[in-house]
Every structure is written in C-alpha cells, then in structure tokens.
Amino acid sequence: MRLLPLGAGGPGRHSPRHLRSCSPALLFLLLLPGCCLGGSRAAAGSRRPNVVLLLTDDQDEVLGGMTPLKKTKALIGEMGMTFSSAYVPSALCCPSRASILTGKYPHNHHVVNNTLEGNCSSKSWQKIQEPNTFPAILRSMCGYQTFFAGKYLNEYGAPAAGGLEYVPPGWSYWYALEKNSKYYNYTLSINGKARKHGENYSVDYLTDVLANVSLDFLDYKSNFEPFFMMISTPAPHSPWIAAPQYQKTFQNVFAPRNKNFNIHGTNKHWLIRQAKTPMTNSSIQFLDNAFRKRWQTLLSVDDLVEKLVKRLEFIGELDNTYIFYTSDNGYHTGQFSLPIDKRQLYEFDIKVPLLVRGPGIKPNQTSKMLVANIDLGPTILDIAGYNLNKTQMDGMSLLPILTGVSNVTWRSDVLVEYQGEGRNVTDPTCPSLSPGVSQCFPDCVCEDAYNNTYACVRTMSARWNLQYCEFDDQEVFVEVYNLTADPHQITNIAKSIDPELLGKMNYRLMMLQSCSGPACRTPGVFDPGYRFDPRLMFNNYSGGRTRRFSKHLL
C-alpha cells in the first residue's frame, strides 16, 4: 500500500521539507526561540533522532501483562531500559491518552472520561488542547514527519467531533480508527477519508493492518527529515479476538490468584465493597477466559514489534531511533472480587509497562524512578531538541535517566485522578442496584459509579512507598496504603497512620490537584525541600479542604 501525506506540499517522499530547500519563512520559524535547532542531548552533532511510540490498550503490568511479549522484551527491554515504576494519571483510555499527547494531568487537559461530554475528542479539546500536543510541536516547530496509526481517542470520528474527515493538527500521515478498539468490522480515517474493513483475517485484522501500514510508511517516508511514529494497537482491549494462529495458545493459563484475588475489599470505597465475595464459578470462568484471550491478542503485537525493529534495521534507521513501548492503563481480573475492568485507584489499574531503547541508552537496564505517561511528551520533545520551557506540560523529560546523566533531581510523587462515569439512572440489567452505577458485569458487580471520583498521591522515596487517596463523595472517604508492607493494597491504614503525616498528604494532594506546569514538579512530602504550612489545612487559608473535580467542563 502506498501512503500519501496530508495535503499538497506535505512531507512525502518527493516533497521533503528539509533545511537545504525550505522556504525563508520556515527558516525564520526554525530560528525562533524554542524551535528544535541542535538535536537532542543524546545525539548532539548528528541528525536528529527518530522516535517510535508503541501504545497498547488496557495492558497491565502488575498481573503479568508483559509475559506473552517475549520478542518485545528482547528487542526493546533487553536492548534498553525497563521502568519498574511507571504510572498513568487516570486509569481510563481517553483521559490517559490525552495525558500522553499533552503531557498534562487530567485537571489541566480536562478530559475526564471516555465520553464527548467528558471532553473526549470534543470540539473544546480540538480547539484548546490539540494544537499544543507534542506531535503538533514536532511537526510545526521541529520539522518532523509524523505518522499515526490505530486507536486515537475513544470518540474520534463521532459526528459531533467532526467525523472521520477531521484530522488533528500535527500529523503528516493519519490512519486512525473510528472510536473504540476493534479487531474486525471497523472503519479507518485515512488522511480524512473513510475506509471500511470487514472480517477477512488476511486483509482486515487490525493489529496486522497497523503493522503493514507502518512498514509502508518506513518505505515511503522522506529521507531528509527525522520522523515520529505513533502506533496504537487495539490489543489487549475487548472484544479480545486473537489472530487465528494464536487462538489456541495459553490453554493452561489462568488469571493470577494473588493475595487480593477474590477477597472482600474491606475498609475500601463502597464501590469495592459492593462486589460479591466469593465470586461465582461463572464469574471466575468468565475472567479466566478474558485473561487468556487478552494474552492471545498480544502475540500479534509482539509480531508487529519484531517486524518494525527488523525494518528499521534494514533501512539503516534503528541505531538512530528511540522506541517507546507502553500502555494507556492497567487492568484487573478478579482483584477484590471485581471481575474485569480498570478505573480503580489500585496498582493493577494505574501501573503500566514502559520499555525504551535508543541512542545513548545502555542495554539491560532497569530504572526504579517514579515516572508517568505525562513524561512521554516532554521526553520526545527533548529528544527532538525542543526547549521544554516553551511548553505548559506537567511532565518531566526522561532523557537524563535514559542516557545515564548523574545526579538527576527527580520527583517523589505523582497525581492520579479520575471522575466516575455513572449516570443518575438505574442499570436496566441490574434493577435492584441504586442509580448511578455503570459497567455492571456478570452477577451485577459494577465497576464504576458517578461518585467513583477520586484523587491520589502516589509517593515513592528512599523510606516510603505510599498511596494516599480521597473520594469526592459525602463521606470524603480516604484510603491509604503502605505498599512496602502491603504491596497488594489489602489493608487501608487511613485510620491508623500518623495524623501529622495524613495532614501533609492531604495538603500535598490539594497542591497537585491545582498544579500546572512547573508547579506539578515541586518537592513532595518526603523530599528534603518540602515545606508544610499547617495553616493551609484550614478553610480560612486554603479556601476549602481540597480542590475537587468539576462536574462540568472548565
């Protein structure tokens, strides 16, 4: 398949926009402060590096989500760095993907759930946030040719969001899925033109289609400009349809029976307590089957990674290309008797894989640094040589960590925030339940509710490994976990922890929920530079106990 760039004069194979032949206006633009002038710290003096971002959908880290990906671990993880403490600021597809693109926490990009009303691909998002995403900066300010293939945002392509004709700013080549993840019978926007696919494996299986079109891009791209590729697979999101050759794999695999599997969520938010313990045999069979199928779908992702790395090597680009592999959120299968979903504050939903290889990264490294997906945008811009002070991003560049810079000053906490999606109506499949619940799976165990709205501080330091969370409900319910002693988050210590420490964590949560840009990177509670004024805990000084999520778009 021959890929064509967007618009006449775009960065196609026969119309390169490189410095030797660019217009005077473009030369002037590239000399402005904040433009990408000298390449990154990792590759100063050479052609600017290329970047590939591989994003899976709902792939956990805690429950063995990387286990099926033997090729990916060998080709990316073993050839570079694996982050063991990588988190998402919201355990749901659209808010998390918006954080990747903008480098911002949800309270700053205002995408709070997967609906248009929640700002997912809305006109407001398109007008305010999309022009400032890192791909838009890469293309307009750094001269990168940019390629997207796969799932974008959950409501992309909806009529109220501009339909499939709409192509977000920043993309030279656009190959985007309409709405949510599918494997067959879907529609793609190819540079703004709709193309429908059926259910013939050889031409329609989406993971393979993404692999093929990505290889085509590498064949037809301009050789005069660096490139950025974002490949966003449907796997392992439902409906969990594996390629035919993989549908009988993992027959003896079951969801992990770890310490928080199929137990009652004592001293937790009411949504966790409503789960039925022990789970019925039918629920356990359902989630075991889902777990197995999720792994099966990932085998095609593993093939995609192998094909991509081999093609990069064949065309001589591998040594000058950074490859990032991560997921938009985690997933659970039976933890605290919740059958299958995400949206919760616990490690299994907020912790994700993150593997990176590229120039200047030594092989077989593991970093314990606390990182988040808001760091991906700043890192990629840093690689491109862009001045990060010119952005409004909340994240930090990982490039110093990746390239082994000594004495790096790093954060000790990140913010996690989520706004529940439930509506004030009763679920028709579970009429005995109260209004406001949603995502009700077998046996009427519901995974979400309108007041499943919370914010957390996830803290890691030399002495502490803590999570502090508050719910925006009538109880102002609090959950606190010491993950050193309790890695499965079984015991909520909110009522037994030192009150002074509890107050400091509450104050830190208030600060992070209202932070923006550099303020999101100020010292955490366990940093030497942290300062705590107890007067700010009172209404007369703070204007309220904590900053809650807005129920409407800001």
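What you see below is based on every heavy atom in this structure, not just the backbone, and it leaves out hydrogens, waters and symmetry mates.
- Counting heavy atoms of neighbouring residues, nucleotides and ligands inside a 6.0 Å radius, atom CG of Asp319 does not exceed 12 of them.
- The shortest distance between side-chain heavy atoms of Lys310 and Glu306 falls below 4.5 Å.
- A salt bridge is defined here as a Lys NZ or Arg NE, NH1 or NH2 lying under 4.0 Å from an Asp or Glu carboxylate O, and Asp328 with Arg97 meets this definition.
- Ala235 and Thr297 get closest at one heavy-atom pair: CB-OG1, 3.5 Å.
- In this structure, the side chain of Asn50 does not engage the main chain of Phe228 through any donor-acceptor pair within 3.5 Å.
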Criterion side chain to side chain contact (heavy atoms under 4.5 Å, CB included) on Thr321 and Phe227, from CA distance to verdict
CA-CA 9 Å; Thr321 301; Phe227 61 82; 4.3 Å; yes

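- Using a distance-only test at 3.5 Å, with no hydrogens or angles considered, no donor-acceptor pair links the side chain of Thr187 to the main chain of Ala194.
- Distance alone, capped at 3.5 Å, is enough to place a donor-acceptor pair between the Gln247 side chain and the Ala242 backbone.
- Heavy-atom contacts from other residues, nucleotides or ligands closer than 6.0 Å to CD of Gln392 number 12 or fewer.
- Looking only at side-chain heavy atoms (C-beta outward), Asp302 and Pro68 stay at 4.5 Å or farther from each other.
- Side chains of Tyr246 and Asp303: a donor on one and an acceptor on the other come within 3.5 Å.
- Remark: the backbone N or O of His110 is paired with a side-chain donor or acceptor of Asn119 at under 3.5 angstrom.
- Under a 3.5 Å cut-off, the side chain of Gln126 and the backbone N or O of Ser121 do form a donor-acceptor pair.
- Here the CD1-CE distance, from Ile76 to Met81, works out to 14.5 Å after rounding to the nearest 0.5 Å.
- With contacts defined as side-chain heavy-atom distances shorter than 4.5 Å, the pair Gln129/Lys104 qualifies.
- When each of Thr133, Val51, Leu381 is paired with Leu138, the side chain to side chain contact (heavy atoms under 4.5 Å, CB included) condition holds for Leu381 and for no other.
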Kindly indicate, with the supporting measurements, whether the criterion side chain to side chain contact (heavy atoms under 4.5 Å, CB included) is fulfilled by Trp295 and Thr249.
CA-CA 9 Å; Trp295 274 21; Thr249 57; over 6 Å; no

Thr146 vs Phe148, test: side chain to side chain contact (heavy atoms under 4.5 Å, CB included). Steps then yes/no.
CA-CA 7 Å; Thr146 54; Phe148 182 87; over 6 Å; no

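- In plain terms, the two heavy atoms of Ile340 and Ala290 that are nearest each other are CG2-CB, 4.2 Å.
- Between Leu75 and Ile323, every side-chain heavy-atom pair lies at or beyond the 4.5 Å cut-off.
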Before giving the answer on side chain to side chain contact (heavy atoms under 4.5 Å, CB included), spell out for Leu55 and Thr326 the whole-Å C-alpha distance, their side-chain angles and the decisive distance to 0.1 Å.
CA-CA 5 Å; Leu55 180 64; Thr326 192; 3.9 Å; yes

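- The aromatic rings of Phe286 and Trp240 lie perpendicular to each other, with more than 60° between the two planes, well past the 30° mark.
- Proximity of the aromatic rings of Tyr184 and Tyr205 is defined here by a centroid distance below 6.0 angstrom, and this criterion is met.
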side-chain hydrogen bond (donor to acceptor under 3.5 Å, both in side chains) between Ser96 and Asn329, intermediate numbers included
CA-CA 7 Å; Ser96 181; Asn329 50 257; 5.5 Å; no

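- Within the 4.5 Å cutoff, side-chain heavy atoms of Gln59 are placed close to those of Met66.
- Of the possible donor and acceptor atoms, one in the side chain of Ser189 sits under 3.5 Å from a partner among the backbone N and O of Leu164.
- Nearest heavy-atom pair across Glu417 and Ser90 is O-OG, 3.1 Å.
- Less than 6.0 angstrom separates the ring centroid of Phe217 from the ring centroid of Phe147.
- Under the 6.0 Å cut-off for aromatic ring centres, Trp171 and Tyr152 do not qualify, their centroids lying 6.0 Å or more apart.
- Between the side chain of Tyr322 and the backbone N or O of Pro359 there is at least one donor-acceptor pair closer than 3.5 Å.
- Between Tyr156 and Trp174, the ring-plane angle classifies as perpendicular under the 30° and 60° cut-offs.
- Between Ser232 and Leu210, the closest heavy-atom pair is O-CD1, 3.5 Å.
- The neighbour count for Lys293 NZ, taken as heavy atoms of other residues, nucleotides or ligands under 6.0 Å away, does not exceed 12.
- Between Arg294 and Asp58 there is a side-chain heavy-atom pair separated by less than 4.5 Å.
- Closest non-hydrogen pair, Ser181 versus Lys151, comes out as OG-CD, 3.4 Å.
- Between Tyr144 and Ser172, the closest heavy-atom pair is O-OG, 4.3 Å.
- A donor-acceptor pair under 3.5 Å links the side-chain atoms of Thr453 to the main chain of Gly420, judged by distance alone.
- Within the 4.5 Å cutoff, side-chain heavy atoms of Leu338 are placed close to those of Gln344.
- A salt bridge does not link Asp349 to Arg343: none of the charged side-chain nitrogens sits closer than 4.0 Å to a carboxylate oxygen.
- Contact of the Asp375 side chain with the Phe83 side chain is not registered, since no non-hydrogen atoms from C-beta on lie closer than 4.5 Å.
- Annotation: the span from Glu199 atom CD to Lys182 atom NZ amounts to 12.0 Å, rounded to 0.5 Å.
- Without hydrogens or angle criteria, Asn114 side chain to Cys94 main chain gives a donor-acceptor distance under 3.5 Å.
- To the nearest 0.5 Å, the span separating NZ on Lys342 from OH on Tyr418 amounts to 9.5 Å.
- Between the side chain of Gln419 and the backbone N or O of Asn113, no donor-acceptor pair lies under 3.5 Å.
- If you take NE2 on His332 and OH on Tyr346, they are separated by 10.5 Å, rounding to the nearest 0.5 Å.
- Annotation: the span from Leu54 atom CG to Tyr325 atom OH amounts to 7.5 Å, rounded to 0.5 Å.
- Here the OG atom belonging to Ser438 is positioned 4.0 Å from the CG atom belonging to Asp448, to the nearest 0.5 angstrom.
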